[in-house]
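Atoms within a ligand are numbered from 1 in the order they appear, just like the ligands themselves.
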Amino acid sequence: MDEILKIGADKLRQKISSGEISSVDAVKACYERISQTEPKVKAFLKLNEEQALIHAQKSDEKIKSGAKLGALEGVPIGIKDNIMIKGESMTSASKYLKNYISPYDATVIEKLKDAGAVFIGRTNMDEFAMGGSTETSAYQKTANPWDITKIPGGSSGGSAAAVSAGMVPFALGSDTGGSIRQPAGFTGIVGYKPTYGLISRYGVCALASSFDQIGSFSKNVKDTALLVSVIAGKDYRDPVCQPAEAADYTHNLDNPNTFKGLKIGVPKELGNYNVDEEISVSFKNDLKKLTEQGAEIVEISAPSYKYVPALYKVIMCAEVSANIATFDGVRYGYSSPNGAGLNDEYSKTRAESLGYEVKKRIIFGTYVLGAKNYYRCYHQAQRVRTLLINELNAAFDKCDFIFSPATLQMPVKFGGELPEECDIFLIAANLGGFPGITVPSSFSPKGMPMGVHFMGKRFSDAKLFQAAAAFEKISCFDASKYPL
Ligand code: GLN
């Protein structure tokens with residue numbers, strides 16, 4: 001594999017800016033690696049080679065001329081196919097948006113363009129980000145680069161696989177219920193979901209608006225912190241986006257004393273679930289290492305963890321049914337030519353263009369919002385959600401971070417099913433709006449990567465990066481190892 005891609009985004013950025021490596025060479029290295037691995041992995045729905053090379057050339061000229069450079073000048077990145085880039089297609093891996101062209105840039109894209117990043121291609125995902133395996137994509141299945149008979153996780157499986165296989169140094173994804181952190185865990189990379197409201201969702205195809213966040217995949221924590229420094233910050237076009245100015249998230253990531261005196265909370269409820277043997281062994285070892293670094297392991301408890309799968313399903317599906325109501329075949333997207341009258345046209349449009357998983361969620365979401373079920377299901381779920389948030393906030397009085405395995409199970413083969421508890425500790429972060437990051441921790445005896453998850457208080461993202469970066473230094477994972 002090309003050495004250019006092994007150094008990670010931050011070092012690559014430095015070398016491009018100093019002229020040591022040209023952006024054109026970096027971009028070519030990505031496409032070279034893609035041409036080798038993509039036939040097996042199928043991470044991308046679309047590649048922009050021609051445009052990317054033109055952009056890279058412009059960056060190189062800028063660098064040579066001594067002009068002011070963007071924070072990511074000439075650095076390649078992959079973008080999940082549910083984020084709008086003006087004038088380009090955005091399918092959300094659905095047939096419904098097959099011919100859709102984005103009329104404007106998402107805020108994160110605007111910021112990346114200002115920073116000079118080069119877009120390599122659009123990554124595959126579960127249809128409208130509904131799924132945990134990338135198998136519900138209407139177009140193709142993405143494979144886990146560490147074992148191509150297995151799923152990469154999802155819904156951002158394309159971004160995870162692309163970064164994991166070294167096709168791009170980092171990538172954007174979206175995380176509504178673990179969709180960045182679960183595939184990052186399955187593919188041995190860093191996956192981050194910000195505090196709800198830290199990064200704008202303007203221009204992102206909505207799944208469930210009270211959970212959705214844009215986040216990132218990278219090979220190391222520093223690269224994620226660098227990317228977040230570029231894309232975070234206030235945006236009046238996303239009403240939940242907090243008014244904080246953009247900040248630098250990259251400092252204090254090399255402090256050898258980060259864990260000294262830090263309280264790491266481990267949920268008592270972890271003991272209630274079946275955890276795969278290799279994950280359990282690795283996690284115990286991780287706890288031991290944290291203690292050796294001076295951290296204090298404390299037991300925390302949030303009894304409402306047991307409701308996470310149900311809460312998530314009810315609220316997420318309710319929001320799905322509301323968001324997807326705009327997909328009516330009238331305003332944009334697919335429109336069935338077979339409808340006889342308005343109602344028939346609505347239903348045929350959806351019947352012909354949406355996949356099974358999407359239809360199932362619309363139906364269930366409509367059910368829980370129905371007059372008879374609203375209080376019994378949706379309203380009740382929101383109340384229990386508050387209970388869980390209160391319990392987790394109380395837990396944060398006792399610890400700095402809540403720590404768990406990234407996933408409780410290893411990735412399954414295509415067509416296999418993951419138990420619903422697999423990512424419950426990740427989904428708790430979405431329910432509460434807390435930031436979370438998964439970091440690779442070790443390899444299983446069969447050579448599959450495993451990871452851990454740190455969840456912090458709201459807006460503790462900078463501290464979260466510090467803990468994750470410190471963990472990365474003591475983890476048994478060899479990040480210089482690439483699959484395929
Ligand atoms: N597995 C979750 C779901 O299917 C993940 C969704 C997401 O985060 N986009 O809803």
message: Given the ring of Tyr139, does Lys42 sit roughly above its face, with NZ or CZ under 6.0 Å from the centre of the six-membered ring and within 45° of the axis?
response: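 Geometry flag: not set, cation outside 6.0 Å or 45°.
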
Option of least heavy-atom distance to [atom] (set: [options]):
{"atom": "atom 6 (C) of ligand 1", "options": "Cys422, Ser133, Ser179", "result": "Ser179"}
{"atom": "atom 3 (C) of ligand 1", "options": "Phe211, Phe128, Tyr312", "result": "Tyr312"}
{"atom": "atom 4 (O) of ligand 1", "options": "Met316, Glu420, Arg361", "result": "Arg361"}

If you count the atoms of ligand 1 from 1 in the order shown, which ones are under 4.0 Å from a heavy atom of [X]?
{"X": "Gly131", "value": "1 (N), 2 (C), 3 (C), 4 (O), 5 (C)"}
{"X": "Leu207", "value": "9 (N)"}
{"X": "Ala129", "value": "6 (C), 7 (C), 9 (N)"}

Would you check whether [X] has a nitrogen or oxygen atom less than 3.5 angstrom from a nitrogen or oxygen atom of ligand 1?
{"X": "Lys80", "value": "no"}
{"X": "Gly177", "value": "yes"}
{"X": "Asp175", "value": "no"}

- prompt: Is there a donor-acceptor contact under 3.5 Å linking the side chains of Ser174 and Asp212?
  reply: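 Side-chain D/A pair, Ser174 to Asp212: absent.
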
task: Establish, from distance only, whether the side-chain atoms of Ser155 and Lys80 form a donor-acceptor pair under 3.5 Å.
output: yes

message: Run the side-chain contact (heavy atoms from CB on, under 4.5 Å) test on Tyr482 and Lys219 for me, step by step, so that the C-alpha distance in whole Å, both residues' side-chain angles and the decisive distance to 0.1 Å come before the verdict.
response: CA-CA 10 Å; Tyr482 279 81; Lys219 286 289 281 183; 3.3 Å; yes

